[in-house]
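All ligand and atom numbering here is 1-based and tracks the order in the structure. As the structure is a computational prediction, the values presented were derived from the model and not from experiment.
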Amino acid sequence: MLDLLVTHANLPDGRSDVDIAIRDGRIVEVAPHIAGPAHSTIDAADQLVIPPFVDAHFHMDATLSYGLPRVNQSGTLLEGIALWGELKPQLTADALVQRALTYCDWAVAKGLLAIRTHVDICDPRLLAVAALLDVKRRVAGYLDLQLVAFPQDGVLRSPGAMDNLRRALDLGVDVVGGIPHFERTMADGALSVQLLCELAAERGLRVDMHCDETDDPLSRHIETLAFHTQRLGLQGRVTGSHLTSMHSMDNYYVSKLIPLIAEAGVSAVANPLINITIQGRHDTYPKRRGMTRVPELLAAGVPVAFGHDCVMDPWYSLGSGDMLEVAHMGLHVAQMTSQAGMRACFDAVTTIPAAILGLEGYGIAAGCNADLVLLQARDPVEAIRLRATRLAVIRRGKVIARTPAATAALDLPGRPGETSFRKG
Ligand code: FE2
């Protein structure tokens, strides 16, 4: 007896009309016309069933703090940083936990079931670390939360930050973070990369650094990150987040840099919603886009994910945990309008970040976790176009969120009575 049978599903790899059989929280078979019986059945009706969305880059300690203690009037990075500085002393663990739990509710409703979040460790009380470790435990039944020890003010620049970072790892934070471009000098930035990579190697941890989130073409800390990744044998465990300076770099230099990143097995995370709004602010016209070179990195074999980065916080007033909105923006900013490019944008919010986080049992195949999202779309491109409704979100074989189909009722002479924005 199966626990759940999902029938007539389209899959992201192009297979159509397949059934997915689930028992004891795992997928046991994926094939056409699986005979039951099953305790319950969901007819996907030729719509897309995918593994859950994954966000490889987020800041859950700041999320939903929009308006606290005041709104970012200019909408700029600098006012955002100032605002975060004003907010930090006022943070309480309970309020932080409640905001994070609310965001996790939104995430689940949007089929986003795994998030890597950075947590600022520059506060010696480690208040946000304790709060997010609590949230991680509380949501573990329905959402995988991975924490990165993030020295927002610079691990060398901020007094005591290295010690705080070690203590955060001791408490159970999963990943070593960094922000080399925010250190006082290029040399300090490079030194921070070296020290943090050595710390990760020593402890057997992954690395995810905010790296070169600037329009300065000479901000080249990604080169140092790739170098130390190779030197320390950390291939496959290191991520460079943002990498926006690559947008402004000289092409000749990039022709040497990208093969180094690929060789080092370093993955990249672009944050299109944030990079397109925060970067290029010192430009008049033409204004740079400020997103890293996504198609070029992909062409070299570098895994590239798209992250949400921010939702309703000092830096970004918008967002709802919808990774299809992130993919939609990434597709436009990187001009990834080819068929393969649009598919890569879908992978950038599903399979690629799942690999970056090192999620086990991710995917739609026998033996994988029974974590699935039924979308009101026929294929990944339509899903991005419509930011498709998540009709059902399934975790370990159990439906944990449902949203009614998006259909507009019409009252027009000689026309159908409704539309759901799909052709034919
Ligand atoms: Fe970030």
Side-chain angles (χ1 to χ4, degrees), residues 54-66 72 75-81 83-85 87-88 100 103 107 112 115-122 128-129 132 145-155 158 161 165 168 173-183 189 192-193 196 206-215 219 221-222 225 238-247 267-279 281 290-292 294 304-319 321 323 326 329-330 333 348-349 353 356-357:
V54 180
D55 185 357
H57 189 109
F58 196 61
H59 294 264
M60 203 171 278
D61 49 359
T63 197
L64 307 196
S65 65
Y66 177 75
N72 183 337
T76 58
L77 173 63
L78 290 180
E79 189 175 344
I81 291 173
L83 240 172
W84 180 236
L87 176 60
K88 261 203 269 192
Y103 183 74
L112 168 57
I115 300 173
R116 173 181 278 183
T117 178
H118 296 255
V119 51
D120 187 357
I121 54 81
C122 287
V129 169
L132 287 191
L145 199 56
Q146 193 176 78
L147 305 188
V148 185
F150 174 49
Q152 170 86 64
D153 302 327
V155 76
S158 172
L165 195 143
V173 170
D174 309 275
V175 180
V176 177
I179 186 163
H181 60 275
F182 199 68
E183 302 292 353
S192 78
V193 171
L196 291 165
R206 292 171 189 267
V207 176
D208 189 336
M209 288 197 199
H210 282 66
C211 202
D212 305 322
E213 190 182 2
T214 156
D215 297 318
S219 187
H221 297 295
I222 178 60
L225 184 63
V238 176
T239 301
S241 278
H242 290 289
L243 306 179
T244 53
S245 73
M246 285 181 68
H247 188 92
S267 53
V269 179
N271 297 294
L273 291 165
I274 308 308
N275 297 152
I276 198 65
T277 47
I278 295 284
Q279 307 306 133
R281 288 291 185 122
M291 191 165 81
T292 195
V294 177
V304 183
F306 289 152
H308 207 317
D309 205 4
C310 301
V311 169
M312 297 191 75
D313 68 12
W315 297 275
Y316 189 62
S317 310
L318 309 174
M323 294 307 292
V326 175
M329 179 58 80
V333 177
V349 293
I356 289 174
L357 268 67

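- Between H181 and D212, the shortest heavy-atom contact is ND1-N, 3.1 Å.
- D309 contributes OD1 as its N, O or S atom closest to the Fe ion (ligand 1).
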* To do: Just do the side-chain hydrogen bond (donor to acceptor under 3.5 Å, both in side chains) check on D215 and H247 with the steps written out, would you?
  => CA-CA 8 Å; D215 297 318; H247 188 92; over 6 Å; no
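- The nearest N, O or S atom of H57 is closer to the Fe ion (ligand 1) than 2.8 Å.
- Residue side and main chain included, H118 places no N/O/S atom under 2.8 Å of the Fe ion (ligand 1).
- When you scan the N, O or S atoms of H210 for the one nearest the Fe ion (ligand 1), you land on NE2.
- Minimum heavy-atom separation, L357 to V54: CD2-CG1, 4.0 Å.
- Smallest separation of non-hydrogen atoms from W315 and I81: NE1-N, 3.5 Å.
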